[in-house]
Protein chains: 2
Amino acid sequence: MDKKLSACANPDCGKQLLAVRDAIEVLGGKWRIPIITVLGYYKTRRFKELQTEITGITAKMLSKELKELEANQLVTRTVQDTRPITVIYEITPYGYSSSKIIRELYDWGVAHREKVMK
Amino acid sequence: MDKKLSACANPDCGKQLLAVRDAIEVLGGKWRIPIITVLGYYKTRRFKELQTEITGITAKMLSKELKELEANQLVTRTVQDTRPITVIYEITPYGYSSSKIIRELYDWGVAHREKVMK
DNA sequence: TTAGTCGGTATACTCTAGGAAACCAGTATA
DNA sequence: TATACTGGTTTCCTAGAGTATACCGACTAA
């Protein structure tokens with residue numbers, strides 16, 4: 001999302017924001033949460049299956065985001081020696097842990113929509 | 001953050017993402033979480049105090065983001081008839097509710113840093 | 001009268017996340 | 001031979017988020 005999320009001048013407050021920045025860096029952007037959500041739902045998916053499921057994402061973005069999620073240990077990538085080759089992406093237990101946050105976002109989003117809409 | 005966060009093709013999964021999108025729209029961007037964090041910490045702050053506390057933010061961005069947070073009922077704005085005029089921004093109970101998510105992000109960010117760093 | 005505070009606006013710019021479309025190698029089927 | 005599927009990569013481009021800087025009116029204290 002953001003390269004540098006500013007800190008508060010106040011040290012306590014500043015430390016808090018540093019950690020929040022880390023979380024946003026891992027989960028931020030347009031496609032990470034959709035990817036994690038889909039993978040959390042199906043547990044494993046192939047590249048093309050993800051692309052079909054996540055409407056609107058381009059191969060470029062999917063490839064890029066999966067790499068970063070892999071680097072952050074939220075998903076694993078396994079090449080299967082079939083013909084044609086298939087690549088299995090699987091959510092890790094750690095990846096599941098992030099869905100706790102996504103669940104929070106979901107609950108809050110639902111409540112917010114109700115509150116603001118009426 | 002993002003104007004349109006895509007949905008999953010799968011309906012269950014898609015509904016979930018719509019609500020998540022709402023939450024991200026309200027809390028996203030570079031400055032909203034810092035503002036809520038600072039306001040959650042101090043409860044009330046004046047415009048200039050916020051600008052001082054949130055290092056790096058410009059008056060334009062602060063003004064713009066406060067307006068949107070006010071529109072979403074996360075903060076209130078009160079003009080006080082002093083000389084010179086002072087404007088008090090205060091976090092609402094509803095604004096506090098969003099800090100539950102921020103807390104989640106914080107906890108996860110701390111754990112993530114520990115996991116990935118070593 | 002000049003400089004300073006407050007809470008902002010207005011204008012013009014930069015920069016980068018993301019999008020569109022073409023292309024790639026390897027294998028298989030018609 | 002050509003077309004299609006797999007899982008991508010490369011290039012070019014744009015919209016919009018965020019930045020920099022100057023400015024505003026109302027007031028006051030020196």
Side-chain angles (χ1 to χ4, degrees), chain A residues 1-7 17 21 24-36 38-39 42 44-72 75-90, chain B residues 1-7 17 21 24-36 38-39 42 44-72 75-90:
Chain A
M1 178 171 303
D2 308 302
K3 229 77 282 177
K4 286 176 188 176
L5 190 60
S6 78
L17 279 185
R21 180 193 61 186
I24 291 178
E25 223 172 285
V26 174
L27 299 177
K30 186 173 179 180
W31 300 110
R32 306 251 175 100
I33 286 182
I35 291 169
I36 292 170
V38 171
L39 237 28
Y42 290 102
T44 68
R45 275 298 85 171
R46 291 188 299 100
F47 188 87
K48 275 285 195 279
E49 287 175 335
L50 285 171
Q51 208 181 339
T52 305
E53 196 66 20
I54 301 165
T55 56
I57 197 169
T58 62
K60 175 195 169 183
M61 288 309 292
L62 182 54
S63 167
K64 184 188 148 211
E65 299 299 62
L66 283 170
K67 272 180 193 160
E68 304 209 34
L69 291 174
E70 200 195 348
N72 283 300
V75 311
T76 57
R77 191 186 112 112
T78 316
V79 179
Q80 296 212 304
D81 196 15
T82 53
R83 258 134 286 223
I85 221 170
T86 49
V87 180
I88 302 292
Y89 291 93
E90 180 168 6
Chain B
M1 178 172 303
D2 308 302
K3 228 76 280 178
K4 287 176 187 175
L5 191 60
S6 77
L17 279 185
R21 178 193 62 185
I24 290 178
E25 221 173 286
V26 174
L27 299 177
K30 186 172 178 180
W31 299 110
R32 307 249 175 102
I33 286 184
I35 291 169
I36 292 170
V38 171
L39 237 30
Y42 291 102
T44 68
R45 281 286 95 168
R46 291 187 298 103
F47 188 87
K48 272 288 194 290
E49 287 174 335
L50 285 171
Q51 208 181 341
T52 305
E53 195 67 20
I54 301 165
T55 55
I57 197 168
T58 61
K60 178 190 169 186
M61 288 307 293
L62 182 54
S63 167
K64 184 188 147 211
E65 299 300 61
L66 283 170
K67 272 180 192 160
E68 304 209 32
L69 291 175
E70 199 194 348
N72 282 299
V75 311
T76 58
R77 191 188 111 113
T78 316
V79 179
Q80 298 212 305
D81 197 15
T82 54
R83 259 134 285 221
I85 220 169
T86 50
V87 178
I88 302 292
Y89 290 94
E90 179 168 7

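Letters A, B, ... mirror the listed sequences (proteins, then strands); counts begin at 1. Bear in mind the structure is a predicted one, so any value in this text is a computation, not a measurement. The figures here come from the full heavy-atom set of this structure, side chains too, leaving out hydrogens, waters and symmetry mates.
Under 4.0 angstrom from either OP1 or OP2 of D:dG25 there lies no side-chain N or O belonging to B:Arg83. Not one side-chain nitrogen or oxygen of A:Lys64 sits closer than 4.0 Å to the OP1 or OP2 atom of D:dG8. Between A:Lys67 and D:dT9 there is a side-chain polar atom (N or O) within less than 4.0 angstrom of OP1 or OP2. For B:Ser63, a side-chain nitrogen or oxygen approaches OP1 or OP2 of C:dT9 to under 4.0 Å.
Mapping B:Thr58 and A:Arg46 onto DNA chain D by nearest heavy atom places A:Arg46 closer to the 5' end of the strand.
Of all nucleotides listed (C:dG19, D:dT6, D:dT19), C:dG19 comes nearest to the side chain of A:Met61. Among C:dA12, C:dC6, C:dG8, the nucleotide with an atom closest to any side-chain atom of B:Lys60 is C:dA12. Closest approach to the A:Ala59 side chain among C:dA12, D:dT9, D:dG7 is made by D:dT9 (side chain taken as heavy atoms from C-beta onward). Listed nucleotides: C:dT27, D:dG7, C:dT9. Nearest to the side chain of A:Ile85: D:dG7. Of the candidate nucleotides C:dG8, D:dA20, D:dG7, C:dG8 has the atom nearest to the side chain of B:Tyr89.
The interatomic distance linking B:Glu65 (CD) with C:dT9 (C1') rounds to 16 Å, in whole Å. Atoms CD (B:Glu49) and C1' (C:dG7) sit 13 Å apart, rounded to a whole Å. To the nearest angstrom, P of D:dC24 lies 18 Å from CZ of B:Phe47. Between the CG atom of A:Leu50 and the P atom of D:dT6 there is a distance of 13 Å, rounded to whole Å. Counting to the nearest Å, the C1' atom of C:dG18 and the CG atom of A:Leu62 are 14 Å from each other. The CD-C1' distance, from B:Glu25 to D:dG16, rounds to 14 Å in whole Å. Atom CZ in B:Arg45 sits about 19 Å away from atom C1' in C:dG8, given to the nearest Å. Taking atom CD1 of residue A:Ile57 and atom C1' of nucleotide D:dG7, one finds them 14 Å apart after rounding to whole Å.
Using modelled atom types, one finds a donor on one side chain and an acceptor on the other under 3.5 Å when comparing B:Tyr42 with B:Glu53.
Between the OH atom of B:Tyr89 and the OG1 atom of B:Thr44 there is a distance of 13.0 Å, given to the nearest 0.5 Å. To the nearest 0.5 angstrom, B:Arg32 atom CZ is 8.0 Å from B:Ile35 atom CD1.
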Step by step, would you call B:Lys30 with B:Glu65 a salt bridge (charged side-chain N to carboxylate O under 4.0 Å, His left out)?
CA-CA 10 Å; B:Lys30 186 172 178 180; B:Glu65 299 300 61; over 6 Å; no
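The side chain to side chain contact (heavy atoms under 4.5 Å, CB included) test with A:Leu62 singles out one residue from A:Gln51, A:Lys48, A:Lys67, and that residue is A:Gln51.
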